[in-house]
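Structure first, commentary second.
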Amino acid sequence: MGSRSRGEGNYRNPCLTMHQPWASLLVHGIKRIEGRSWPSPIRGRLWIHAAGKVPDPATIKAMEDFYREIYAVNGITDLKFPEHYPISRLLGCVEVVGCVKCEELVGWEEIPEGVRLEGQTDYCWLCEQPQKLIVPFEMRGYQGVYNLEKKIYEAAVRGLCPVKAPLPVKFPLPDPRDLFSLKPGSLATKLNDPGASKIEKPASLSAAIDGARAAATQFSKKNIAQSQSMIKDGDMPVSTRTWSK
């Protein structure tokens with residue numbers, strides 16, 4: 001069984017359980033920022049597991065509309081989404097190269113505008129190099145970042161397939177010699193740049209952002225109610241995946 005600690009720890013093959021559709025969007029390279037209320041405790045490969053809650057069609061539509069709009073900012077209009085959003089499965093992995101605060105991401109002019117628009121949470125985990133499993137593995141998830149069981153890891157690592165992301169992003173490290181140099185506060189000086197440009201938001205983009213926020217908030221409320229019920233029954237819920245936590 002894996003560790004359920006989200007703080008600094010001995011992570012060998014770290015994994016994060018996420019709700020759908022966010023989990024598949026990340027593994028398919030569409031989502032490049034994983035938003036959390038706490039900073040990432042790891043750098044390097046992070047395995048992504050989809051929680052057991054079936055995503056609501058309205059939530060899927062809201063998130064797909066959101067990504068269509070933010071990719072359109074960078075001229076990409078033929079975005080292809082996953083055909084399915086499987087649950088209770090290990091889906092693949094990404095490389096976490098850094099973690100910054102939302103305001104740092106929004107003001108970071110070195111990265112595409114669409115990526116900056118993904119910053120909607122306190123802490124933004126910066127993800128690159130998505131890979132998916134040819135055959136997703138059924139498994140149970142846990143809260144926070146935890147270690148994959150050895151037998152699951154050994155089987156999964158042999159079944160990875162590179163993903164062709166619609167707009168691959170390379171997040172530059174302040175110090176290439178220090179893997180943890182891209183951390184909260186490391187881009188603070190950019191926030192004081194008077195020449196930093198603001199992204200113009202057409203009405204369709206603003207509507208998509210509002211819709212995605214509303215979907216995530218509604219999902220959060222439903223998940224909290226379900227989690228409280230599970231706690232009463234002695235089960236352990238997966239932490240809520242929302243933009244407002």
Side-chain angles (χ1 to χ4, degrees), residues 6-8 16 18-19 22 25-26 29-44 46 48 62-63 65-74 76 94-130 144-145 165 167-176 178-220 239-245:
R6 69 167 56 168
E8 297 294 336
L16 179 69
M18 299 171 57
H19 290 290
W22 295 276
L25 292 172
L26 184 61
I30 296 170
K31 177 174 161 61
R32 297 149 297 189
I33 305 298
E34 169 53 15
R36 294 277 147 175
S37 60
W38 39 282
S40 171
I42 65 105
R43 295 295 185 273
L46 176 67
I48 303 300
M63 296 314 303
D65 287 347
F66 168 72
Y67 280 101
R68 283 192 189 94
E69 290 293 335
I70 66 171
Y71 270 89
V73 170
N74 293 114
I76 297 177
V94 294
E95 295 290 320
V96 178
V97 299
C99 175
V100 297
K101 289 190 173 182
C102 176
E103 57 267 26
E104 294 178 287
L105 180 70
V106 172
W108 196 3
E109 290 192 296
E110 295 175 65
I111 60 174
E113 295 92 335
V115 180
R116 291 155 56 191
L117 286 166
E118 287 191 61
Q120 303 287 337
T121 50
D122 293 342
Y123 293 95
C124 301
W125 300 19
L126 313 178
C127 303
E128 299 178 356
Q129 303 175 47
V145 176
L167 182 62
V169 177
K170 187 73 174 176
F171 297 98
L173 298 180
D175 182 358
D178 181 3
L179 295 180
F180 276 81
S181 63
L182 194 49
K183 60 187 178 182
S186 62
L187 304 178
T189 56
K190 297 181 182 295
L191 300 179
N192 299 320
D193 182 2
S197 63
K198 293 185 178 181
I199 302 172
E200 294 293 332
K201 297 179 182 177
S204 59
L205 174 57
S206 296
I209 292 175
D210 290 343
R213 284 175 175 167
T217 300
Q218 183 64 25
F219 183 94
S220 174
S239 57
T240 303
R241 171 65 180 89
T242 172
W243 283 358
S244 60
K245 66 179 182 180

| message | If we ignore hydrogens and angles and just use 3.5 Å, is the side chain of Glu118 paired with the main-chain N or O of Arg32 as donor and acceptor? | response |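 Yes; at least one donor-acceptor contact below 3.5 Å.
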Quick one: pull up [atom1] in [X] and [atom2] in [Y] and give me the separation to the nearest 0.5 Å.
| X | Y | atom1 | atom2 | value |
| --- | --- | --- | --- | --- |
| Cys127 | Ile48 | SG | CD1 | 6.5 Å |
| Ile30 | Met63 | CD1 | CE | 10.5 Å |
| Ile33 | Leu117 | CD1 | CG | 11.0 Å |
| Cys99 | Phe171 | SG | CZ | 11.5 Å |
| Asp178 | Leu173 | CG | CG | 8.0 Å |
| Lys31 | Trp22 | NZ | CH2 | 8.5 Å |

| message | Between Leu126 and Trp108, does the side chain to side chain contact (heavy atoms under 4.5 Å, CB included) criterion hold? Intermediate values first, please. | response | CA-CA 12 Å; Leu126 313 178; Trp108 196 3; 3.8 Å; yes
| Listed partners of Arg43 passing salt bridge (charged side-chain N to carboxylate O under 4.0 Å, His left out), at least two apart |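 Partners of Arg43 by the salt bridge (charged side-chain N to carboxylate O under 4.0 Å, His left out) criterion come out as none, since no residue qualifies.
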Nearest non-hydrogen partners of [X] and [Y], listed with the distance:
| X | Y | result |
| --- | --- | --- |
| Thr121 | Arg36 | OG1-N, 3.5 Å |
| Cys102 | Cys124 | CA-SG, 3.9 Å |
| Leu25 | Tyr67 | CD1-CE1, 3.9 Å |

Hey, are the side chains of [X] and [Y] touching, using non-hydrogen atoms and a 4.5 Å cut-off?
| X | Y | answer |
| --- | --- | --- |
| Glu34 | Leu16 | yes |
| Val100 | Leu182 | yes |
| Trp125 | Val94 | no |

For [X], side-chain contact (heavy atoms from CB on, under 4.5 Å) partners two or more places apart:
| X | answer |
| --- | --- |
| Lys101 | Glu103, Glu104, Tyr123, Pro184 |
| Pro168 | Ala165 |
| Asn74 | Pro112, Glu113, Leu167 |

| Sole candidate of Val145, Val97, Val96 that passes side-chain contact (heavy atoms from CB on, under 4.5 Å) when paired with Ser40 | Val96
| remark: Across all chains, not counting sequence neighbours, the side chain to side chain donor-acceptor pair (under 3.5 Å) partners of Ser204 are Glu69
| query | Can you list every pair that meets salt bridge (charged side-chain N to carboxylate O under 4.0 Å, His left out) and has a residue in residues 167-176, with sequence neighbours left out? | reply |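 Checked against salt bridge (charged side-chain N to carboxylate O under 4.0 Å, His left out) - neighbours excluded - the pairs reaching residues 167-176 are Glu128-Lys170, Asp175-Arg177.
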